[in-house]
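Note sheet for the following structure.
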Amino acid sequence: MVTLGVVLSLLAVLGWFRLRDNIDNQATAAAETCVEGDTVLHIAADPLIAPALTELAEQWTDGGVRVIRDHCVTAEITAVDSLAAADTLGTDAWDPTLGPEPALWVPLDTRMSARAADAIDGTPRSLATSPVVLAVPTDLGRALTTATVRWQDLPRLQNDPAAMRESGLDIWGTLGLALPTGTQTHATTLALEAVTAATTGIGAGPVTLEQAATPAATTGIGAGPVTLEQAATPAAITAVSTLALGADTLGAVGTTADTLAALGTHPDTAAPIHAVPVIEQQLHRALTDGQVRGLTGHLPIGVAPVVDFPTAVVDAPWVDETLARAAAEFTDYARRPEQAGILTAHGFRTADAVPEPAGELPLPRVDTVLAPADPTVDDVLVALRLAPVSPRKVTMVVDTSTSMGTPAGDGTRLTATAGAVREAMRRASINSVMGMYVFADTPEGHRVAVIRDGLTAAKRAAMSSILDDIDLVDREPVYATLTAAYRDAVDNYDPGRPNSVLVVVDSDDPDEAAARDLRAAIDELSSPETPVRIDVVVLGDRADLVLEQAAEATDGSLTVVDTTDPADLTDLLRKLTS
């Protein structure tokens, strides 16, 4: 028995030496084929996926050097903010402060790669996916699931305690939903996409061949994308603005990671912040690493925004055929089913597997995937987040005297005003209240052209079209009309929204008695309890001291607009009505 053991040991040792020699010979043979020397495949990756790619890159060369076109190739990963990379690639250059020039780029999302489409060779292929969820305290996550909360419900839940009560969530007060902006806050943008999609009725629809071919399609049916027209609808503008206005009351929150950390420190009803949009993988890693506790990811009902981490071969002067082929080979390697374990261990979903839950609740199911919107749509939503449209109560006074027939741009001052009003109505919040006075051949010199009321679709249409065919009059009762509008606005003051009288005139009113009446009315009616500001837009190049005093006395504004460019008038009316 002893002899047999010795023999077996000797055979094992001999086998090991033979195996070692074979490995050395193979490595030597491989090295001899690298006649072009060593090459490094630089990969710029979003910080969320960079650690997983680093692990994959190490395994890619574990079995020996990668020989590609007589080069010994290794891969190095650099974490680079996706938007910063998109911006620099879009300039046909590379910002060296971001790291080495990449041959392969793995941004957060297809939306990011679309921003630098001209700098990409071929069609990017998704490596892994992760939905955008709301990071919330675990108890709130259970309650939101029970209440079957939808994306379109979030604006009301954030601003209306009654809505929370109706959903059985009154213990939380109003929903403190933070919407971080700036770098590393793409989850906010995608959450706004989802709210816009739900608000405008985007649901499950036919799936294109391109959508069906992506790993994201394996998580659910495709729907969307959100278009510029949908993002510009009153319903979408109101929903996004309502969320933004509510988020602004929470104060400065920093990046998504900062907000997530703050939420994890105080995951309870007493905290000002109850939720923040986050990439599920980011939340998963924070929970796994113990950075936060007591949180879960809640996915509202409806189409789900999903990031897909596309692998994009860079088309740039610094990428030769060897690097392009190496980038393609690494992509093929990383997308193999046997690599799914590395990706899921880092919190990603793949076509073949999903990560284990890191919190108390299971990962949410993704039934319907929201197709990526064009980058211009996201730009519109971000701009709306930064400058939300507030609901207002506005009484407009529009000059309809013959002087409004003066040429302006391609039309007249009246047509320029009509176009500006139409654009303002398109953008105004559906929670606004609007009405209009115009000059008229009546004993008072004016009439109510549109009764002031809630901005329904019919009211919006009336305000948008009333000036198109209106008859111009010889009278110029500027002061008397403003007095009537101001008195009516104060008498019917609405404490629930800012109140104003918006005057658009180009006439000179010689009526000194009417001017005195206007001053007297402002002295009599202006009060901190019923503040109604007077905003005056004067068309042309003249000033009006009476109107300037009226604006100043009510904390309003007076702006003189040169109507040779009607766009200036459009921008101004849009601001004064939102």
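Predicted model, so just to flag it, every value in this text is computed and none were measured.
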Task: Pairwise distance CG(Leu41) to OG1(Thr322) - rounded to 0.5 angstrom - done: 11.0 Å

Task: Sub-4.5 Å side-chain heavy-atom contact between Leu134 and Val278 - done: no

Open item on the list: Test of understanding: with salt bridge (Lys or Arg N to Asp or Glu O under 4.0 Å), list the residues that count as partners of Glu423, not counting sequence neighbours.
Closed with: Arg426, Arg574

Task: Residues forming a ring-ring contact (aromatic ring centres under 6.0 Å, His included) with Trp105, sequence neighbours excluded - done: none

TODO: Report the distance from atom NE2 of His346 to atom OG1 of Thr344, rounding to the nearest 0.5 Å.
DONE: 9.0 Å

Task: salt bridge (Lys or Arg N to Asp or Glu O under 4.0 Å) against Arg325, all qualifying residues, sequence neighbours excluded - done: Glu321

Open item on the list: Test of understanding: with salt bridge (Lys or Arg N to Asp or Glu O under 4.0 Å), list the residues that count as partners of Glu36, not counting sequence neighbours.
Closed with: none

- [ ] Side-chain contact test, heavy atoms from C-beta onward, threshold under 4.5 Å: evaluate it for Thr296 versus Glu360 and give yes or no.
- [x] no

Task: Spatial distance of atom CD (Glu58) from atom OG1 (Thr74) [nearest 0.5 Å] - done: 11.5 Å

Open item on the list: Looking at Asp153 and Arg150, is there a salt bridge between them, counting it only when a charged N and a carboxylate O are closer than 4.0 Å?
Closed with: yes

Task: Thr376 side chain to Asp374 side chain, donor-acceptor N/O pair below 3.5 angstrom - done: yes

Task: Partners meeting side chain to side chain contact (heavy atoms under 4.5 Å, CB included) with Val354 (sequence neighbours left out) - done: Arg349

Open item on the list: I'd like to check the ring-ring contact (aromatic ring centres under 6.0 Å, His included) partners of His284; sequence neighbours left out, ordered by chain and number.
Closed with: none

- [ ] Please list all pairs passing the side chain to side chain donor-acceptor pair (under 3.5 Å) test where one or both residues lie in residues 111-123, with sequence neighbours left out.
- [x] Asp109-Arg111, Arg111-Glu193, Arg115-Asp379

Open item on the list: Can you tell me how the ring of His274 sits relative to the ring of Trp172, calling it parallel under 30°, perpendicular over 60° and tilted otherwise?
Closed with: perpendicular

Open item on the list: With side chain to side chain donor-acceptor pair (under 3.5 Å) as the rule and sequence neighbours excluded, what pairs involving residues 77-93 come up?
Closed with: Asp46-Ser82, Asp81-Gln184

Open item on the list: Run the side-chain hydrogen bond (donor to acceptor under 3.5 Å, both in side chains) test against Asp70 and tell me which residues pass, sequence neighbours left out.
Closed with: none

Task: From CA spacing to verdict: side chain to side chain contact (heavy atoms under 4.5 Å, CB included), Ile120, Asp315 - done: CA-CA 5 Å; Ile120 293 173; Asp315 182 9; 5.9 Å; no

TODO: Verify side chain to side chain contact (heavy atoms under 4.5 Å, CB included) between Leu190 and Val307, making sure each step is shown before the conclusion.
DONE: CA-CA 9 Å; Leu190 300 195; Val307 295; 3.5 Å; yes

Open item on the list: Restricting to side chain to side chain contact (heavy atoms under 4.5 Å, CB included), what partner residues turn up for Arg293, sequence neighbours left out?
Closed with: none

Task: By side-chain hydrogen bond (donor to acceptor under 3.5 Å, both in side chains) - contacts of Asp170 (at least two apart) - done: none

TODO: Please round to the nearest 0.5 Å and tell me the distance separating atom OG of Ser130 and atom CD of Gln282.
DONE: 9.5 Å

Which donor-acceptor pairs under 3.5 Å do the side chains of residues 233-248 make with protein atoms, sequence neighbours left out?
{"from": "Thr233", "atom 1": "OG1", "to": "Gln230", "atom 2": "O", "distance (Å)": "2.8"}
{"from": "Thr233", "atom 1": "OG1", "to": "Ala236", "atom 2": "N", "distance (Å)": "3.3"}
{"from": "Thr238", "atom 1": "OG1", "to": "Pro234", "atom 2": "O", "distance (Å)": "2.8"}
{"from": "Thr238", "atom 1": "OG1", "to": "Ile430", "atom 2": "N", "distance (Å)": "2.9"}
{"from": "Ser241", "atom 1": "OG", "to": "Ile237", "atom 2": "O", "distance (Å)": "2.7"}
{"from": "Ser241", "atom 1": "OG", "to": "Val389", "atom 2": "N", "distance (Å)": "2.8"}
{"from": "Thr242", "atom 1": "OG1", "to": "Thr238", "atom 2": "O", "distance (Å)": "2.6"}
{"from": "Asp248", "atom 1": "OD1", "to": "Arg385", "atom 2": "NH1", "distance (Å)": "3.0"}
{"from": "Asp248", "atom 1": "OD1", "to": "Arg385", "atom 2": "NH2", "distance (Å)": "3.3"}

TODO: Search all heavy atoms of Ala187 against all heavy atoms of Val132 and return the closest pair with its distance.
DONE: O-CG1, 3.8 Å

Open item on the list: What I'd like to find out is whether the side chain of Phe348 reaches to under 4.5 Å of the side chain of Thr129, using heavy atoms alone.
Closed with: no

Task: Lys/Arg cation over aromatic Phe309: Arg125, 6.0 Å, 45° cone - done: no

